[in-house]
**Q** 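The structure follows.
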Amino acid sequence: MGDAPTRPRPVEIAYWLWLASAALLVLFGLLAVTTSGSALRETLAGRGADPDSVDALVLLLRGSGVVSLVVGLAVGLMAGPTRAGDPRFRRAVVALSVVYTLLQCALLLTGLGQAPMLLVSIVLSAASALVYLRSATGWFARE
């Protein structure tokens, strides 16, 4: 056997962080998409939402769930090739993580975000930072 380079620890940690985030995003997305509309309306009305805007809020929640589901699936699929050292997938999964984090921050600032989704965004950001550490960049520069 040849001298195969060993995978840097930050890349390994980032992979597992991305997988955990992907699983949570898929779970939260499925919950948002499959929750009963009448239950959502009752909950929103009970929290003091304007009765005229409840339907729009339900639609927004479902849309947010679909986005979380798609992002979770994409992150989960791109984490493997990134772990293997493909620099294109590293750039793509980091870009997706950053865009999703910015979206969650904007939603939180407008009062429409949810704390668990922001926590997932923080984990995505941590994984993104790990693969750009100096000790990890050589893994993506090799041929």
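The basis for the numbers below is simple: all heavy atoms, side chains too, and nothing from hydrogens, waters or symmetry mates. Bear in mind that the values here come from a model prediction, so they are computed numbers and not experimental data.
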**Q** Could you state whether L31 and L24 fall into the same hydrophobic cluster, counting links through intermediate Ile, Leu, Val, Met, Phe, Trp or Tyr residues with side-chain heavy atoms under 4.5 angstrom apart?
**A** yes
**Q** Can you list everything that forms a side-chain hydrogen bond (donor to acceptor under 3.5 Å, both in side chains) with T101? Sequence neighbours excluded, please.
**A** S125
**Q** Are F89 and L25 co-members of a hydrophobic cluster defined by side-chain heavy atoms under 4.5 Å apart?
**A** yes
**Q** Less than 4.5 Å apart, any side-chain heavy atom of T82 and any of F140?
**A** yes
**Q** Report the distance from atom CG of L118 to atom CG of L103, rounding to the nearest 0.5 Å.
**A** 11.0 Å
**Q** Within the structure provided, determine whether W139 and P10 are in side-chain contact (heavy-atom separation under 4.5 Å).
**A** no
**Q** Going by heavy atoms in the side chains, are Y100 and S68 under 4.5 Å from each other?
**A** yes
**Q** Is there a path of hydrophobic side-chain contacts, each under 4.5 Å between heavy atoms, that joins L107 and V71?
**A** yes
**Q** For the atom pair OG (S97) and CG (L102), what is the distance rounded to the nearest 0.5 Å?
**A** 11.0 Å
**Q** Kindly say whether A136 contributes a backbone atom to a donor-acceptor pair with the side chain of R7 at under 3.5 angstrom?
**A** no
**Q** Can you get from V67 to L124 by hopping between Ile, Leu, Val, Met, Phe, Trp and Tyr side chains that sit under 4.5 Å apart?
**A** yes
**Q** So V26 and L30, do their side chains get closer than 4.5 Å, heavy atoms only?
**A** yes
**Q** Near R9 CZ, under 6.0 Å, is it more than 12 heavy atoms from other residues, nucleotides or ligands?
**A** no
**Q** Going by heavy atoms in the side chains, are L57 and L61 under 4.5 Å from each other?
**A** no
**Q** Would you say the side-chain atoms of S121 pair up with the backbone N or O of M117, donor to acceptor, closer than 3.5 Å?
**A** yes
**Q** Do you reckon V75 sits in the same ILVMFWY cluster as V94, going by side-chain contacts under 4.5 Å, direct or chained?
**A** yes
**Q** Would you give the length of the straight line joining atom CH2 of W18 to atom CE of M78, rounded to the nearest 0.5 angstrom?
**A** 9.0 Å
**Q** Any chance you could measure C105, atom SG, to I122, atom CD1, to the nearest 0.5 Å?
**A** 7.5 Å
**Q** Under the 6.0 Å and 45° cation-pi test, does R90 pair with Y132?
**A** yes
**Q** Report yes if some heavy atom in the side chain of L133 is under 4.5 Å from a heavy atom in the side chain of L130; otherwise report no.
**A** yes
**Q** I need the single residue from V33, V120, L69 that forms a side chain to side chain contact (heavy atoms under 4.5 Å, CB included) with F28. Which is it?
**A** V120
